[in-house]
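Residue numbers start at 1 and run along the sequence shown.
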Amino acid sequence: MDVDDLLAELGDLPGSDGRQRSGAAGGVSTASRPVITSQPAQRAQQPPPRAPPPEVNRSNTGVRRNTSGKCEVDDLLGDLGDLGGMPTSSSGGRGRQPTTSTPVGASTSRCISLVIGGSQLPRGRNGGAAGMQHCCDNLRCTKCDFKVVWFHDQGWTSAVDYMFFRNNFPTADKLAPELRRSPTCSAYCCQCSWRNATAGQRVDFGGDLRWVCAGHAL
C-alpha cells in the first residue's frame, strides 16, 4: 500500500479534513484546534425580598389597640378613674361607704345650701323638697380637688392631722386605724380636711372647709 492509498483511508475517518490530509502529505502532523464554546453570563445575585411592615391593629376610628384587643384609651380612662372619688382598699376593693356619682352628660342641679350630717339624716340634694333637710352626697373639695368621702356610724379620733390624710387618703384600709365606732355620726374627709358630723351642719364656702356641691342628677 502506498502513501496515497493510506491518505485516502484516513480521509474517510470522521473528523478528518483536507488540512489533515495535506499536512500528512507534507510529513507534518497538525493537531486540531480546541473548540471554544461561549458560556452564558452568570446573573448577578439579587438581594432577598424585604419583609412587609407589621400590621397595626386599629379600630375604625384609628385608635390603637393593644395585644389583648383592649383600647389604650380605655386603659387611660381606667387609670384616671382611680383619682379621687370613693375610698379604696389596699386590696383593690371599694371603701365601706360608697358615694353616688353623677352620670356623664346628665342634667345636674346643685344644693341650695350645703349641709353635712350624721348617718340618720337623708342624703341627696338639699332644697329639693320643701321643709326637708338633706345631706349632700356629692361633695368635692376645691382646695385639694378630691371628692369628699364619709363613713357612716364612725368618727375620727383626736390623733388625726393633715399629714395623716395627705398620706393615706383615699385608701379605706389606711384610714381605718383612726376611725372609732360612733352611732349616728358620720366621719367626712378629703385629702386636706376632715370633720365629724352628727346633726345637720351647714357648710359655708368661706369657712375652713372648702367643700362644694358637685351636682345631682335630675
Practice item. Begin with the C-alpha distance, continue with both residues' side-chain angles, and end with the deciding distance and a verdict on side-chain contact (heavy atoms from CB on, under 4.5 Å) for Cys189 and Val149. Key: CA-CA 6 Å; Cys189 73; Val149 300; 3.7 Å; yes

Item checked: Test side-chain contact (heavy atoms from CB on, under 4.5 Å) applied to Asp145 and Arg140, step by step -> CA-CA 7 Å; Asp145 199 26; Arg140 192 168 193 89; 3.4 Å; yes

I'd like to check the ring-ring contact (aromatic ring centres under 6.0 Å, His included) partners of Phe165; sequence neighbours left out, ordered by chain and number.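 ring-ring contact (aromatic ring centres under 6.0 Å, His included) check on Phe165 returns Trp156, Trp194.
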
Considering residues at least two apart in sequence or located in another chain, which fulfil the side chain to side chain donor-acceptor pair (under 3.5 Å) criterion with [X]?
X      : result
Asn196 : none
Ser193 : none
Thr184 : none

Discussion item. Closer than 3.5 angstrom, by distance alone: can the side chain of Ser186 be matched with the main-chain N or O of Ala197 as a donor-acceptor pair?
Written reply: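 The answer is no, because no donor-acceptor pair under 3.5 Å joins these two groups.
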
- Task: Return yes if some donor-acceptor pair links the side-chain N/O of Asp204 with the main-chain N/O of Gly207 below 3.5 Å, else return no.
- Result: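 No; zero donor-acceptor contacts below 3.5 Å.
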
Using every non-hydrogen atom in the two residues, find where [X] and [Y] come nearest and quote the distance to one decimal.
X      : Y      : value
Asn168 : Leu175 : CB-CD2, 3.9 Å
Ala187 : Leu179 : CB-CD2, 3.7 Å
Cys135 : Tyr188 : CB-OH, 4.2 Å
Val203 : Trp211 : CG1-O, 4.2 Å

Test side chain to side chain contact (heavy atoms under 4.5 Å, CB included) applied to [X] - qualifying residues, sequence neighbours left out:
X      : value
Thr157 : Ala159, Val160, Glu178, Arg180
Cys144 : Cys141, Phe146, Cys190, Gln191, Cys192
Ser182 : Cys185
Ser113 : Val115, Asn126, Arg202

Which value, rounded to the nearest 0.5 Å, describes the distance between [X] atom [atom1] and [Y] atom [atom2]?
X      : Y      : atom1 : atom2 : answer
Cys136 : Leu139 : SG    : CG    : 4.0 Å
His134 : Leu114 : NE2   : CG    : 14.0 Å
Ile116 : Leu209 : CD1   : CG    : 6.0 Å
Phe164 : Lys174 : CZ    : NZ    : 10.5 Å

Taking CZ in Arg123 as the centre, count heavy atoms belonging to other residues, nucleotides or ligands within less than 6.0 Å. Is the count above 12?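 Yes, the 6.0 Å shell around CZ holds more than 12 heavy atoms from other groups.
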
Can you list, by chain and residue number, the hydrophobic cluster partners of Met163 when the side-chain cut-off is 4.5 Å?
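Traced through the cluster, Met163 reaches Tyr162.
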
(Q) Within the structure provided, determine whether Asn138 and Lys147 are in side-chain contact (heavy-atom separation under 4.5 Å). (A) yes

Here the salt bridge (charged side-chain N to carboxylate O under 4.0 Å, His left out) pairs for residues 206-218, sequence neighbours left out, are Arg195-Asp208

Review point. Is Asp137 salt-bridged to Arg125, cutoff N-O under 4.0 Å?
Key: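 Salt bridge between Asp137 and Arg125, a charged N being under 4.0 Å from a carboxylate O: no.
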
